[in-house]
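I have placed the structure first, in the form of structure tokens, so that the comments after it can refer back to it.
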Amino acid sequence: MPRNRGAMTQVDAAGATSTGAAPEVPQVEVTLTVNDTEHHLRLDSRVTLLDALRDHLGLTGAKKGCDQGACGACTVMADGKRVVACLALAAQYEGRRITTIEGLAPNGELHPMQAAFARHDAFQCGYCTPGQIMSAVSLVAEGRAGSEEDIREFMSGNLCRCGAYPNIRAAIRDALAEG
Amino acid sequence: MTTLEAARAVGPGLDRVDAPMKVTGKAHYPNDFGYPGLVHAALVHSTVAAGRIRGIDTSAAETAPGVQAVITHLTAPRLEPGPMTLLGASPPTPFQDDRILHHGQHIAIVVASSPEQARHAASLVRVDYERSEPLLDVHDPRATVVENPWGLDSDRGDVDAGFAAADVVVGGTFTTPDNTNNPLGLMSTVASWNGDSLTVHDSTQWPHNVRATLAAVFKVPESGIRVLAPYVGGGFGAGLRVWPHVILTVLAARQVGKPVKLVLTRPEMFTSVGHRPDSVQQIRIGATRAGDLTAITHEGLSSVAMEDDDYEPVSLCSAVSYACPNVRTQDRQVRLNIPCPGSMRGPAEGQGNFALESALDELAHELGMDPVELRLRNYCEEHPLLGLPWSSKALRDCYLQGAERFGWSRRDPRPGSMRDGRWLVGYGMAGVSYPHYQVPCQARASLHRDGSADVRSAATDIGTGTYTIMTQLSAEQLGLDVSRVHFDLGDSDMPYAPQAGGSGLTSALGNAVGAACRNLIREFLDVVKDDADSPLRGAAPDEVSVSGGRIHRTGAPDQGESYTDILTRHGLEELSADGRSTPPQPDGGGMATAGAFGAKFVEVRVDPDLGLLRVARVVSAIDGGRILNEKTATSQIVGGTVGGIGQAMFEETATDPGTGRIANATFGDYLVAVNADVPDMEVIFVGGPDRATPIGTKGVGEVGLVGVAAAVANAVHHATGRRIRSLPITIDQLL
Amino acid sequence: MHPFEYVRATDSDQAVAVVTEDPSASYLAGGTTQLDLMKDGVLDPDRLVDITRLPLGGISHTDSSIRVGALTTMEELAADPVVRERLPFVWEALLLGASTQLRNMATIGGNLLQRARCRYFRDPTVAACNKRSPGSGCAAIAGIQRMHAILGTSDHCIALHASDVAVPLTALDALLHVQGADGTRTVPLTQFYLPPGDTPHIENVLRHGELITAVEIPLLPAAARSHYIKVRDRVSYEFALTSAGVALVQEDGVIREARVALGGVGTVPWRAWDAEDVLRDAPAGADTFLAAARAALGGARPLPGTAFKVELAQRTLIRTLETVAGAES
């Protein structure tokens, strides 16, 4: 398995804000509950949930593919429902239970959907994959993975430019069959 | 050569070795990296397509909260041009003068403490332009035309005589629009200087090119630059070149003395990292009543930026795909005030094949001949320009096995004759002869005393499966289980690798890895050549086999020993060896080096009232030489086909006629195929190892896309009787 | 994005008061339009009042209507069994609009207030946009026209209203309950939107600070059938090129009641009153449907890039009418 080389540090809270935002930029105090952990942050009020996760909490699993709500790469769950984190203001999501790809199977095991994606080669470059998996897990919870037509329709908010769609569907069918 | 007995490592569909990283979100793409003290950049773009910057007012931006620097052509230092590369000249170095060559050109970079601050400050920069009228249309008579840009125009036989001898002549004008690569990963650069040394994370398909370019532009030694790209969020050609934003990020980092991150926005992805240029193609094909081709002429006209190169020989496919005695192909480029085009998955072939294979379908229809039969009748057993047999060519099997799998024989050739309820059903097909491409590559292999191996090369895996197939290949070549092999890439400190592009990396890298592994075995044999305790003493490389972590004499499994035993006995921690590959000459060894071949069979449904077009089925039959991993290779073909569906039906980068602004530069407006547009597909691999190189592979990254547009258009004709010669095929064309 | 002060509202009256008094304040609900346009630099409020904690959710039912709190998400509304059973074309339009992720965020109130998708409106580097900068002109008319409107346009604006669910809601004469600083009022959806005329920047009758609190949707008669068809290039996840929402009550092959609205073609969700007049008391059949479709598009003002939409919209409406008329109830 490829390793991440250690010379670089991950994005962390200190990285983006330690240089100090100028005082005239409005700030907000926000408590975000992410993957069952509470984080107290002081943020520029403009920071989106996606940027809060990525730049301030070091949770880079959710990806930025368009920053316009049009590609689904940033899909996370809020109170169990899938949302695009790029069109969510971080402050607005205080008190809501956020789940990211990092929290899907916290104990080092793979969630059945993650395992199915690996087995079915349901990705290539992998950039859309965390969003696809979060969407797929939600799809099952929504009861919409029962028919091929439903899977196609209700997974269409997640673009995959590498074109792994048939394998994504196969992975979902397989994960569903496993229960 | 060392005999390989543990062939199981290669071929079957091993799951991607990087899958656990990718499904857990732990794979780190360039914009996932940061540094303490990291600051953020945002770009300012020209809002006119041609002219000069008369004045640029950065005062509001400079005093905006958090801003640390605003750099423009007025404040940027003189930078050197990038080098000439294997893919042509580097894009123009940014910020060297006041000229505007296209809408969206970077004209300032703003650095601030946070991305929010940088982007807002960028919006405060005010620019005063001296406008000139932009050239935006390939038909604009004022535009400069470059004739025969690559010296690849071809002319064989006598096309006038060929057409005179024809019973039937078909053809017309085919057009394809600008397409934008749009990998899902926003192209990003993180640059960090430490004195004269520089570390760069970049969304590149070619780390060594980034290193060489930055060294040239900033006049620093290559040895001090490290470029990292362990994971890249796709590329499809957008990461082949070192684009101006990369240089600007590195410049900004040097200017502010801190690490800088720049993440392009999705709209910037349309103007900053290349695109497939539009084409206008004239094609004519003549044939006898029996279906023998007598003449082909194919002329391609493409757009190119004012001061840049793009390799896009659109018509060349017509010179090398069929046995036809009289063929003339010709390409021209028109210089316009547009963002630099560049390679996009299946460059040139993607456009040219649409015209060639559509025109052949017209010919088959005119002749009343089956389209597959027409192609078989004009099959070329030899390379038409070189007159040599191919190093491998199983295109005949592609046609025949693909047709069989698809059920092509059920096709009623009369247009509009097949229905499914309200839907018209159409079957269409196209052939593909993809060109061969390979450039030199290096790799290094090491075997450790614990019996594990490390193999590495500075290549990239942009989703192609390189991590996985090189792990498999190394395991095979060293006789190890794949779990004992670690293959690493994406770091310019590793041995030189060329770009992931041109469908050339698998062969280039595979042969380098193969050579490194063979050299490593040679090293082991060297160590024991005088070792009385070794059953391998004095054995030559061609007398041994490898399997199960052991080298043994071929045919005598008990006369051998493990790598671990050799290293332990000789007090060595590890042995390493380098390997390199050089591409076979195009006519080397009396054969013409072949790229991949393929046949695409497509079933479409058309709702004639509403103009709806759906792709219902696709069968791809591919000759990709030796397939190292059926699972990832299949994904490459399926993925290419999805890109082809996009090209056929959705994708068109629209430019405002007056201003040169891209009018649909978002994922809401530039349509790529979504899940619901894509049917399940069948992929079959035919043929066997290619003879041109030791490992026998041919790249399959692009052959999946090429041919889809023609096959869809041909299926639309079969369904409706309408010949669509302009992509994409949209509702308005089918009403 | 322009910096702004984030304010979390806990009380409707207070929220309305704050925004009414501050011309540079805006409401924030689902955020899918508001935040998107703020990122693009099209909207630049100094103060953003987050109303998502206000008690404006929930769906209540009577025998004749559904009252939907303005903060109800599109997914929540689509999950309502009465919507699915009694208003199938509303249910279909909800699910054909946006992705599930966006439907989980977007509120019904916000959906009805969504702004134009026009790329000339959404790109502040384009100088000419009367909707964004009154009096500056309209770059779209001379630009790429395919996704623009053909009904209700003016020489000053051709931007489309892209909501799907507004189409059947317009056909149903839904009512908007609105709270302002001076009290509450009720506005029929058919009178809510304003065609661009020479004031494209004024898109509806809301005054600054007024807040939609609920949408009241009348139910169809039990005998009615309805359907929504959306035509677009992709199978899914794209704004409509054309769409039609139709509800019919038929009696012995004769149409007794008809509600028809069109999407993808109008600068506002387009109630096809003329088509309804043709359909009412006419036999359900091809001639009637063709006449209705022609009547619906009678006022179309296409440009070269939108000419195909006149025919496509008619065919879309005919297909929808055929489907509803032929469907088993």
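By convention in this document, chain letters (A, B, ...) are assigned in the order of the sequence lines, proteins followed by strands, and residues within each chain are numbered from 1.
Below 4.5 Å, heavy atoms of chain B meet heavy atoms from C:R117, C:R119, C:Y120, C:D123, C:T125, C:V126, all part of residues 115-135 of chain C. Contact residues of residues 722-732 of chain B toward chain C are B:T730, B:I731, B:D732 (heavy-atom distance under 4.5 Å).
Nearest heavy-atom pair across B:P608 and C:R315 is O-NH1, 3.4 Å. Shortest non-hydrogen contact noted between C:S236 and B:V674 is O-CG2, 3.7 Å. Among all heavy-atom pairs drawn from B:A663 and C:I144, the shortest one is CB-CG1, 3.6 Å.
Contact annotation for B:S123: neither backbone nor side-chain heavy atoms come within less than 4.5 Å of a heavy atom of chain C. Interface remark: B:T666 contributes side-chain atoms only to the contact with chain C (heavy atom separation under 4.5 Å). Within the 4.5 angstrom heavy-atom criterion, only side-chain atoms of C:R319, from C-beta onward, approach chain B. Heavy atoms of C:A142 lying under 4.5 Å from chain B belong exclusively to its backbone. For C:I318, no part lies near chain B; criterion is any non-hydrogen pair under 4.5 Å.
Contact of the B:L671 side chain with the C:R232 side chain is not registered, since no non-hydrogen atoms from C-beta on lie closer than 4.5 Å.
Atom CG of C:D287 sits in a sparse spot, with 12 or fewer heavy atoms from other residues, nucleotides or ligands closer than 6.0 Å. Around CZ of C:R294, the count of heavy atoms belonging to other residues, nucleotides or ligands within 6.0 Å does not exceed 12.
Rounding to the nearest 0.5 Å gives a distance of 9.5 Å between CG of B:D609 and CD of C:E311. Between the CG atom of B:D669 and the CZ atom of C:R146 there is a distance of 11.5 Å, given to the nearest 0.5 Å.
Between chain B and the residues C:T316, C:I229, C:L312, the largest count of heavy-atom pairs under 4.5 Å involves C:L312. For chain B, the option among C:G143, C:A307, C:A139, C:P3 with the highest count of heavy-atom pairs below 4.5 Å is C:P3. Among B:R614, B:E116, B:R119, the residue with the largest count of heavy-atom pairs under 4.5 Å with chain C is B:R614. For the set B:T47, B:D677, B:D607, the count of heavy-atom pairs under 4.5 angstrom toward chain C peaks at B:D677.
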